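First up is the structure itself, then whatever we jot down about it.
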Amino acid sequence: MDSAFEKHCSELVPLERSGHTAVVEENLLYVWGGFRSVAGQDKYLPSDEIWVCDLERGLWEVFQMAGEVPPSMSGTCGCSLNGHMYIFGGYDKIGQSNQIFCVNLTDGKYTWRSIKHKIGSAPSHRDKLSCWIHKGSIIYFGGYGEKPLEDFDSRNKNFIIEEASWLEDVVWGWNNEVHVFDPVHASWSEPQTHGRTPTPRATQASATLGCRGYICGGRVMETRTSDIHCLDFESWTWSEIIPVSTTPVGRSWHTLTAVSDSSMFLFGGLSVDCKPMSDGWLLDVDTKKWREVEHPFKNKPRLWHTACPGKDSDVIVFGGSCDYILLVDTGHCNDALVFQMQPYPLFRICEDYIAKNVKNYEVLRNQLPLLPSKLQTAVQRRMSFYRPSKKQKY
């Protein structure tokens with residue numbers, strides 16, 4: 001696959017953004033929300049629209065959304081489960097949220113539904129948290145947000161207060177709580193975990209491998225870490241992975257994506273010294289070794305971007321910022337970067353070669369009609385990805 005969608009994108013592309021939500025379903029990339037900078041002011045992207053990119057053709061479409069539309073937010077935790085996208089938490093102009101919303105991605109209607117839980121208690125208001133999917137439930141970890149002072153116990157190691165954030169009856173800070181949401185029963189629960197719990201944090205990266213959830217790095221106060229922790233969903237036991245190799249520098253606002261049964265790909269983020277990063281690393285959880293990965297996007301640092309698993313173990317990175325957004329909020333991006341994490345199947349190699357070169361080689365052009373109809377259709381769809389075109393942002 002060629003380097004970036006920016007070379008082969010449609011006339012219609014979404015606006016630049018950071019802190020958005022993105023999921024992949026059936027080779028379609030769905031992008032919602034986030035914020036961008038306009039004349040030095042943060043502007044939230046509309047919450048009643050969803051952008052959909054056909055990853056095979058490189059074509060974007062935008063759809064209006066209806067129903068119980070959530071506020072426009074950044075820092076929401078999004079995931080897909082059974083063809084639905086769920087978002088929880090986030091930050092809008094008023095503050096952090098603890099609401100959960102859901103939209104069906106498969107019926108073409110894009111109707112939002114606000115989920116009112118029937119069992120248990122929702123977590124406190126928060127953003128910049130992470131989640132895992134396991135056996136039909138969504139498991140949330142960490143984040144930054146507020147708590148009523150009456151719920152705060154200074155002996156409790158699950159919440160670290162940001163010293164400058166006290167009000168009369170509310171405190172803000174970082175947590176390391178684990179909350180489970182079951183969409184079938186609309187229930188919240190807070191499992192009793194065992195082992196050594198990771199320190200409270202936000203803007204960490206997470207990924208799921210089998211029945212285990214992993215987190216890496218994140219921020220608490222002015223510290224950005226590189227530690228890796230694993231939560232076993234069968235026993236609810238935490239364990240820390242101590243690498244036996246060189247490790248990536250501590251960071252926040254990065255991504256972690258499962259690319260095999262035992263490995264995860266880390267990309268980008270903001271380093272300990274507040275430098276936007278463009279490095280990529282593979283972690284093998286069996287050998288506990290990090291390996292830095294060569295890739296074609298070393299000149300494209302990203303933080304607060306999204307990363308989704310795509311076809312053939314590709315990782316699709318979209319949006320984010322190439323600047324330290326708390327200081328220079330002008331570097332929001334809207335390109336999609338495709339990281340190839342393993343050799344492609346022969347079918348895909350052939351399909352890509354034909355689609356890329358058919359317009360320049362008469363022999364290929366003349367033989368295209370000789371292909372079986374199914375293969376011909378696939379190649380013609382793929383040809384869209386390699387066409388020259390102009391960007392037009394909406």
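Computed from a prediction, not measured in an experiment: that's the story for all the values here. Side chains are part of it too, since the values below use all heavy atoms of this structure and drop only hydrogens, waters and symmetry mates.
By the 4.0 Å N-to-carboxylate-O rule, Lys147 lies close enough to Glu177 to be salt-bridged with it. Between Asp284 and Arg291 there is no salt bridge, since none of the side-chain N atoms of the basic residue sits less than 4.0 Å from a carboxylate O of the acidic one. In summary, Arg348 and Asp314 engage in a salt bridge, as defined by a charged side-chain N under 4.0 Å from a carboxylate O.
Under the side-chain hydrogen bond (donor to acceptor under 3.5 Å, both in side chains) criterion, no residue pair touches residues 205-214, with sequence neighbours excluded.
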N/O donor to acceptor pairs below 3.5 angstrom from side-chain atoms of residues 83-90, sequence neighbours left out:
{"from": "His84", "atom 1": "ND1", "to": "Asn82", "atom 2": "O", "distance (Å)": "2.9"}

Review item, side-chain donor-acceptor pairs of residues 263-278, under 3.5 Å, at least two apart:
{"from": "Ser263", "atom 1": "OG", "to": "Ser260", "atom 2": "OG", "distance (Å)": "2.5"}
{"from": "Ser271", "atom 1": "OG", "to": "Asp273", "atom 2": "N", "distance (Å)": "3.4"}
{"from": "Ser271", "atom 1": "OG", "to": "Asp273", "atom 2": "OD1", "distance (Å)": "2.3"}
{"from": "Ser271", "atom 1": "OG", "to": "Lys275", "atom 2": "N", "distance (Å)": "3.0"}
{"from": "Ser271", "atom 1": "OG", "to": "Lys275", "atom 2": "O", "distance (Å)": "3.4"}
{"from": "Ser278", "atom 1": "OG", "to": "Lys298", "atom 2": "O", "distance (Å)": "2.8"}

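Residues satisfying the ring-ring contact (aromatic ring centres under 6.0 Å, His included) test with His179, not counting sequence neighbours, are none. With sequence neighbours excluded, the residues forming a ring-ring contact (aromatic ring centres under 6.0 Å, His included) with Trp132 are Phe233, listed by chain and number. Looking at residues two or more places apart in sequence or on another chain, you find no salt bridge (Lys or Arg N to Asp or Glu O under 4.0 Å) involving Arg224. Contacts of Glu26 classified as salt bridge (Lys or Arg N to Asp or Glu O under 4.0 Å), with partners at least two apart in sequence or in another chain: none. Partners of Lys311 under the salt bridge (Lys or Arg N to Asp or Glu O under 4.0 Å) rule, at least two apart in sequence or in another chain, are Glu56. With sequence neighbours left out, Trp112 forms a ring-ring contact (aromatic ring centres under 6.0 Å, His included) with Trp32. Under the rule for a salt bridge (Lys or Arg N to Asp or Glu O under 4.0 Å), Glu146 has no partner lying at least two apart in sequence or in another chain. In this structure, the ring-ring contact (aromatic ring centres under 6.0 Å, His included) partners of Trp238, at least two apart in sequence or on a different chain, are Phe141. In this structure, Ser121 has no side-chain contact (heavy atoms from CB on, under 4.5 Å) partners at least two apart in sequence or on a different chain.
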